[in-house]
Amino acid sequence: MLPSYPLTQSSRRALERATDVVGIPKAFRPEPLVAQEMAEFYSDSLDRQRANFLLRRLKDDLLESAGQGFFFQGVLYGNRGTGKSTEINRLLDEAAIKEKFVVIRLDALAELNPQTFSVADVLLLLLANLIERCEVKCGELGKAFHEAATMTADLQQTFAPFFPELQGKEQVTKTTGGSGEIGILQFVKLGIRVEGQRKVDSVIPRETLAELSAVLERQIGIAAERLPEYELLVIGENFDKEQIPQALLHDTFVQYASVLRALRLHLLFTLPVPFVHSFGEQLSFRRENRYPVYDVPVCSQDHSRDDAGCQALIELLQKRADLDRVFAKDALELMLRASGGDLYRLFAIVVNSGRLARYRYEDHPSSEHRVLRTDVETAVREQLGIFRNELGTTPNDLDGIPWDVKLKKLLDIYESRRAASVPDPALYQLLRRRAVLFFNGRGRYGVHPLAVEILREQLGGGRRFKYRGGGLDLTP
């Protein structure tokens, strides 16, 4: 499997549609599609299957807010592997969005310390990225961004409590000239990424946030004067990932939510499903600006194959590979089922199965030179082991939900018992672990096929559980 951290544009290689097992890794890279890849590799099949007009709603709400003089503040929420980042990239590639907004992107995994960041770190990162992005945008327009030096100088005293070393570095850049301003910003961003919350422990939070907000407002004002034809749109990505403890999200988007809400910026953040549900009334994002990205079902409520969901995934895969040449039909079917509609897991299974198929063919040239069900079963069993371990209690869990409580919740959802969909800590934990899936707008939850296998392992043969399908049905 390829590394999960985002690739930089300089190192990113072009996708290539696979025509054999050797080409699978290049075709199924687990990264969001970018603008230049959309025409060849994007499929709108998942969007059509969800039928909630996500891109059009986001675009309309952003443009209408800007047109009416309001600041848009929205949240995009869905499970991992539903394609949220790709949909954001599609949105930002819309001509009307590019004409209206300068986009400042914040990546919680690549630019913050996901285990320790605070709202102060988010503001510091926003300050640095705002200056960098404005300089880039002015360059695109053929303008010189002389304000970068003024903006960075204004930040010196603000950054000092967090980065004592910066005073010396600032003086060096002033005396030597050159592009020192951006060098300082890179130094600050490295500190934010490596140190996180530890560097603000000794600073009074409310005073610090007030000072940061005031400085940020000044920078926003400078940017608005320099680029009067544009509005500023902040995209906060990967705040929905499991690596981030819920307590940090609570501090940023609940306890100190007013700090972000007061900024003269348009905001769109990605957040986890259970967090949005559990703090619904306390979130500052208006309900009409909360956009769910639903899971795509591979099994229906009666545990039979969901033909529409599977077809949507097949159409997506057809963009990446010649399916008949690369996969046996029963192998493809098992990959769809084992993924549970999670694109990240689907791509991981495809890549691992492809390598196993290549190794098999190299050792036995008389065998088929494509992915067979036996290859997929081996890859899926590995995924099942990882999945089983993830269902336990982890250090990021706010409350240690006992295993028997989780097991009962899985069983209740599998049996479609009415009370099963009522939110409680067990449901939120299972959603966070992707053991429970989040479908359509009618409040239906489903058990991931890998979790169905866990139910069979734990309860099979007893009177409490009757298997009705929806699992993996692996060869004994």
Side-chain angles (χ1 to χ4, degrees), residues 44-54 57 75-84 87 240 270-280 287-288 290-316 336-346 387 391 401 405-456 459 464-472:
D44 67 351
S45 58
L46 303 189
D47 195 45
R48 284 188 281 108
Q49 202 277 338
R50 294 180 182 121
N52 64 339
F53 307 106
L54 176 64
R57 290 170 58 203
V75 57
L76 193 64
Y77 65 105
N79 283 321
R80 181 200 64 194
T82 52
K84 296 184 295 299
E87 293 302 322
D240 57 316
T270 61
L271 293 175
V273 174
F275 181 79
V276 173
H277 286 177
S278 57
F279 292 100
R287 290 194 176 276
E288 60 266 35
R290 301 177 190 180
Y291 306 89
V293 184
Y294 301 116
D295 288 303
V296 173
V298 295
C299 294
S300 62
Q301 196 161 4
D302 65 2
H303 309 300
S304 60
R305 184 182 192 270
D306 190 298
D307 293 335
C310 289
Q311 184 57 37
L313 291 170
I314 287 172
E315 289 182 31
L316 182 146
L336 296 177
R337 177 70 63 89
S339 75
D342 175 348
L343 299 184
Y344 188 86
R345 179 167 270 119
L346 176 60
F387 191 87
L391 278 182
I401 308 299
V405 175
K406 294 180 183 178
L407 193 63
K408 184 180 186 304
K409 177 61 74 172
L410 282 175
L411 178 61
D412 288 346
I413 294 172
Y414 183 81
E415 299 284 358
S416 298
R417 293 170 185 161
R418 290 186 179 181
S421 60
V422 177
D424 60 20
L427 177 62
Y428 290 149
Q429 286 286 357
L430 293 170
L431 279 168
R432 191 171 175 84
R433 296 288 173 263
R434 298 290 265 126
V436 169
L437 306 174
F438 169 56
F439 300 124
N440 59 51
R442 298 187 294 274
R444 180 170 89 82
Y445 295 100
V447 179
H448 194 292
L450 290 171
V452 174
E453 288 300 307
I454 304 297
L455 282 175
R456 296 176 75 181
L459 303 176
R464 291 177 59 196
F465 175 72
K466 181 179 179 181
Y467 178 61
R468 295 178 172 84
L472 304 178

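All heavy atoms count here, side chains included; hydrogens, waters and symmetry mates do not.
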Which heavy-atom pair separates [X] from [Y] by the least distance, and what is that distance?
X	Y	value
Leu391	Ala435	CD2-CB, 3.5 Å
Ile401	Lys406	O-CE, 3.4 Å
Asn79	Thr82	O-OG1, 2.8 Å
Val436	Leu431	O-CD2, 3.5 Å
Tyr414	Gly469	OH-O, 2.7 Å
Phe439	Asp295	CD2-O, 3.5 Å

(request) Would you please test Tyr77 and His277 for side chain to side chain contact (heavy atoms under 4.5 Å, CB included) and show each step? (result) CA-CA 10 Å; Tyr77 65 105; His277 286 177; 3.9 Å; yes
Quiz: residues 307-315 side-chain donor-acceptor pairs under 3.5 angstrom, not counting sequence neighbours:
| from | atom 1 | to | atom 2 | distance (Å) |
| --- | --- | --- | --- | --- |
| Asp307 | OD1 | Arg305 | NH1 | 2.8 |
| Glu315 | OE1 | Arg48 | NH2 | 2.7 |

Could you tell me the separation between the [atom1] atom of [X] and the [atom2] atom of [Y], rounded to the nearest 0.5 Å?
X	Y	atom1	atom2	answer
Leu455	His448	CG	NE2	13.0 Å
Ser300	Arg444	OG	CZ	7.0 Å
Gln49	Asp306	CD	CG	6.5 Å

Student check: side-chain heavy atoms of [X] and [Y] closer than 4.5 Å:
X	Y	result
Leu459	Leu407	yes
Leu46	Val293	no
Arg290	Arg287	yes
Asp240	Arg80	no
Val405	Asp424	no

(message) Apply side chain to side chain contact (heavy atoms under 4.5 Å, CB included) to residues Val452 and Tyr467 and explain how you reach the verdict.
(response) CA-CA 9 Å; Val452 174; Tyr467 178 61; 3.7 Å; yes
(request) Not counting sequence neighbours, list each pair that qualifies as a salt bridge (charged side-chain N to carboxylate O under 4.0 Å, His left out) and has a residue in residues 445-455. (result) Glu453-Arg456
(message) Applying side chain to side chain contact (heavy atoms under 4.5 Å, CB included), can you list everything that pairs with Asp412, at least two apart in sequence or on another chain?
(response)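 For Asp412, the residues satisfying side chain to side chain contact (heavy atoms under 4.5 Å, CB included) (neighbours in sequence not counted) are Lys408, Arg417, Ala420.
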(message) Any salt bridge linking Arg468 with Glu415? Criterion: basic side-chain nitrogen under 4.0 Å from a carboxylate oxygen.
(response)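 Counted as a salt bridge, because a side-chain N and a carboxylate O are separated by less than 4.0 Å.
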